[in-house]
Amino acid sequence: MVKLVGSMDKIRIHDKNFRIFIPYERLYKAIEKVAADINADYKGSNDVPVILCILNGSVMFCAELMKMLDFDCELVAMKLSSYEGTVSTGVVRKTLEPTADLKGRRVIIIEDIVDTGNTIVALTDYMREVGALDSKVCTMLLKPEMYHKDVKLDYVAMEIPSSFIVGFGLDYNGIGRNYKDIYVIDE
Ligand code: IMP
Ligand code: MG
C-alpha cells in the first residue's frame with residue numbers, strides 16, 4: 001500500500017521549514033460541517049448548481065467536499081493566481097477561463113483559503129460579469145485578521161491566524177500541495 005503524504009511533525013519546502021498545524025482528521029470534520037450546511041441550503045433544488053473549483057489550491061478541498069454533497073451538481077473549474085512565494089501580489093490574474101458557461105447558473109465558489117480577499121472580490125465581480133444567477137462563497141480556510149472586504153463568506157470550514165501555510169492543496173511556490181495535513185511556516 002502507498003501511504004498518504006503527511007503526519008510528519010516538520011517538513012522543509014524550498015528554503016523554509018514548516019510544522020504540523022491542522023491534521024487531516026480535524027480538517028475532515030470541519031469539511032463535514034460545511035457540507036451539511038450546503039446540503040441543507042441546496043436541498044430539493046430544481047436546478048443543477050455549479051461547484052466552481054478554483055485551481056490549483058482548491059482541488060483537494062473540492063474533491064473532499066463534493067463526496068459529501070447529496071444533490072445533483074456540476075463541477076466547473078477555473079484558475080486564478082495572486083500569490084508569489086509567501087505573499088499576495090494584490091493583482092489577481094485569470095489564467096484559465098471557466099470550463100463551462102455560468103450564465104443563469106447558481107454557483108458555489110470553492111476556495112482553499114481567503115486571505116486579503118482580493119481573489120474572492122475578483123471572483124464575485126466576475127460572476128456578475130458572466131451573468132451567474134447567484135454566487136455563494138465556500139472556503140476551507142479564512143484568515144480573519146487579513147480579511148476586510150464586504151463579500152459575504154457563506155461557508156467557512158476553519159478560521160486560522162494569518163501565518164503562511166501549506167498542504168491539502170496549498171503550496172509554497174508550487175510545492176506542498178500533496179500533503180494530507182496542513183503545515184504552518186516555522187520562523
Ligand atoms: P487572497 O486573494 O489574498 O484572499 O488570497 C487568496 C489566494 O492566495 C488563495 O486562494 C491561495 O491560493 C493563496 N494563499 C493565501 N494564503 C495562503 C497561504 O497561507 N498559503 C498558500 N497559499 C495562500
Ligand atoms: Mg486559491
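Residues take their numbers from the sequence shown, with the count starting at 1. Order of appearance sets the numbers: ligands from 1, and atoms from 1 within every ligand.
The closest non-hydrogen atom to atom 20 (N) of ligand 1, taken over T119, I165, L170, comes from I165.
Using cut-offs of 30° and 60° on the angle between ring planes, the pair Y179 and Y183 is perpendicular. Relative ring orientation between F71 and Y42 is described as parallel, the plane-to-plane angle staying below 30° on a 0-90° scale split at 30° and 60°.
In D115, the parts holding a heavy atom less than 4.0 Å from any atom of ligand 1 are both the side chain and the backbone. When heavy-atom distances to ligand 1 are checked against a 4.0 Å cut-off, M146 has no atom that comes that close, whether in backbone or side chain.
Assignment of K143 to the shell around ligand 1 is supported, since a heavy atom sits closer than 4.0 Å.
Residue D72 qualifies as open at atom CG: its count of foreign heavy atoms under 6.0 Å is 12 or below. For NZ of K94, the number of neighbouring non-hydrogen atoms (other residues, nucleotides, ligands) closer than 6.0 Å is greater than 12. Within 6.0 Å of CZ on R93 lie no more than 12 heavy atoms contributed by other residues, nucleotides or ligands.
If you number the atoms of ligand 1 from 1 as listed, the ones under 4.0 Å from a heavy atom of E111 come out as 10 (O). Remark: ligand 1 atoms within the under-4.0 Å shell around heavy atoms of N118 are 2 (O), 4 (O). Residue contact check: D171 has heavy atoms under 4.0 Å from atoms 21 (C) of ligand 1.
Remark: D134 pairs with no residue by the side chain to side chain donor-acceptor pair (under 3.5 Å) rule, at least two apart or across chains.
Inclusion of V166 in the set of residues having an N or O under 3.5 Å from an N or O of ligand 1 is not warranted.
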